[in-house]
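Data block below; observations after.
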Amino acid sequence: MTAPVFVVDALEPSGRTGGAYVLDGPEGRHAVSVKRLRAGEEVVLTDGRGRWAPGVVRAAEGKDRLVLDLGAVVEEPAERPGITVVQALPKGDRGELAVETMTETGVDAIVPWAAARCVTQWRGERGAKALGKWHATAREAGKQSRRVRFPEVAEPASSRQVAALLADAAFAAVLHEDRDYPSEPLATAELPAEGRIVLVVGPEGGVSPEELALFGEAGARAYRLGRTVLRTSTAGTAAAALLLGRTGRWS
């Protein structure tokens, strides 16, 4: 298994050898008291934005301090093409499930979307709390899946803001399954090698005709995954996995 990942606020510029480093606070406590790391074991420190450094445990001190011998800091470039998933707000904790599995799969950015047919609405303090959970989920899932560049979780977007994202995309798709609305299989769509892929996942009630028209004007086309209909909390992960395989990012 690859070395466990721990998040730090900042690392020195690329290529510079870090030397001795003390990991403390919540991450240090997790390393010492939960992971029970000991001298000689390997770890990875990252800022979650692509900068990381390998480390070897020199000693564990108390319950929350890990002394490391830190290697050279490396800058990992962003993946290409980038994949953004616009995720309609699911009910309950299914939003965190969607963020968790999309992060583990390899999505680069996640945009919460208040679609017309969403039962859940983020307003005021409740909205801020829900967004905070999505941020925390992306961070923890990024660590668990050994990523060093975590997905960006954006502020909630309106349909017009989503349309603007689609207009700037190299490939824009709306997952939509409706016998009365023309769609194409995502498995055979022509994909770009560079730029940004933006994928819209609607709510359980589907994307409304007005939203489809708005997104179509922005250059997005409707695509389907297969003969079955997935829930909104799993559709983004399934579609992202398909795209990651087809673009060569899983090669």
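Under 3.5 Å, the side chains of Arg196 and Thr84 contain a donor-acceptor pair of N or O atoms.
Considering CD of Glu140 and OG of Ser145, their distance stands at 10.5 Å, rounded to 0.5 Å. Once rounded to the nearest 0.5 Å, the distance linking CG of Leu242 with OG1 of Thr237 reads 12.5 Å. Atom CG in Leu175 sits 5.0 Å away from atom CG in Leu225 (nearest 0.5 Å). With values rounded to the nearest 0.5 angstrom, Leu66 atom CG is found 9.0 Å from Glu41 atom CD. To the nearest 0.5 angstrom, Lys91 atom NZ is 11.0 Å from Thr232 atom OG1. Taking OG1 from Thr137 and CD from Glu96, the interatomic distance works out to 5.0 Å, rounded to the nearest 0.5 Å.
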Query raised in the report: side chain to side chain contact (heavy atoms under 4.5 Å, CB included) between Leu45 and Leu68: does it pass, once the steps are laid out?
Result: CA-CA 10 Å; Leu45 300 187; Leu68 307 170; 3.9 Å; yes
Query raised in the report: What do the steps show when you test Lys35 against His30 for side chain to side chain contact (heavy atoms under 4.5 Å, CB included), and what is the final call?
Result: CA-CA 6 Å; Lys35 289 289 189 180; His30 186 73; 3.9 Å; yes
Query - Evaluation steps, side chain to side chain contact (heavy atoms under 4.5 Å, CB included), between Val67 and Glu61 - result: CA-CA 8 Å; Val67 182; Glu61 299 177 349; 3.6 Å; yes
Query - Worked check of side chain to side chain contact (heavy atoms under 4.5 Å, CB included) between Thr247 and Ile197 - result: CA-CA 10 Å; Thr247 57; Ile197 293 173; 4.2 Å; yes
Query raised in the report: Does the salt bridge (Lys or Arg N to Asp or Glu O under 4.0 Å) test come out yes or no for Lys143 and Glu27, once each step is laid out?
Result: CA-CA 11 Å; Lys143 290 168 56 179; Glu27 293 290 88; 2.8 Å; yes
Under 3.5 Å, which donor-acceptor pairs do the side chains of residues 182-191 form with other protein atoms, sequence neighbours left out?
residue : atom : partner : partner atom : Å
Ser183  : OG   : Arg224  : NH1          : 3.1
Glu184  : OE2  : Arg221  : NE           : 3.3
Glu184  : OE2  : Arg221  : NH2          : 2.2
Thr188  : OG1  : Pro185  : O            : 3.4

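In terms of heavy atoms, Pro81 sits closest to Pro192 at CG-O, 3.5 Å. When every heavy atom of Val111 is checked against every heavy atom of Ala157, the shortest pair comes out as CG1-CB, 3.7 Å. Closest of all the heavy-atom pairs between Ala240 and Leu199 is N-CD2, 4.5 Å. Scanning all heavy atoms of the two residues, the minimum distance from Gly142 to Thr103 falls at N-CG2, 3.5 Å.
Listed by chain and number, the residues in a side chain to side chain contact (heavy atoms under 4.5 Å, CB included) with Ala115 are Ala88, Trp113, Cys118, Pro203, Glu211 (sequence neighbours excluded).
Between Phe171 and Tyr223, the ring-plane angle classifies as tilted under the 30° and 60° cut-offs.
Pairs passing the ring-ring contact (aromatic ring centres under 6.0 Å, His included) check and including a residue from residues 173-196, sequence neighbours excluded, read His176-Tyr181. The list of ring-ring contact (aromatic ring centres under 6.0 Å, His included) pairs with a residue in residues 38-89, not counting sequence neighbours, is empty. Applying the ring-ring contact (aromatic ring centres under 6.0 Å, His included) definition to pairs two or more places apart or across chains, none involves residues 64-89.
Applying the 6.0 Å contact sphere to CZ of Arg126 captures no more than 12 heavy atoms from other residues, nucleotides or ligands. Within 6.0 Å of atom CD in Gln121, more than 12 heavy atoms from other residues, nucleotides or ligands are found, so the atom counts as buried in its surroundings.
Asp108 places a side-chain N or O within 3.5 Å of a backbone atom of Ile83 that can act as its donor or acceptor partner. In this structure, the side chain of Arg51 engages the main chain of Leu11 through a donor-acceptor pair within 3.5 Å. Proximity of a side-chain donor or acceptor of Arg249 to a complementary backbone N or O of Gly106 within less than 3.5 Å is detected. With hydrogens and angles disregarded, no donor-acceptor distance shorter than 3.5 Å links the side chain of Thr46 to the backbone of Val7. Side-chain atoms of Arg146 come within 3.5 Å of backbone N or O of Ala3 as a donor-acceptor pair.
As a member of the Ile/Leu/Val/Met/Phe/Trp/Tyr network built from side-chain separations under 4.5 Å, Leu97 groups with nothing else and remains a singleton.
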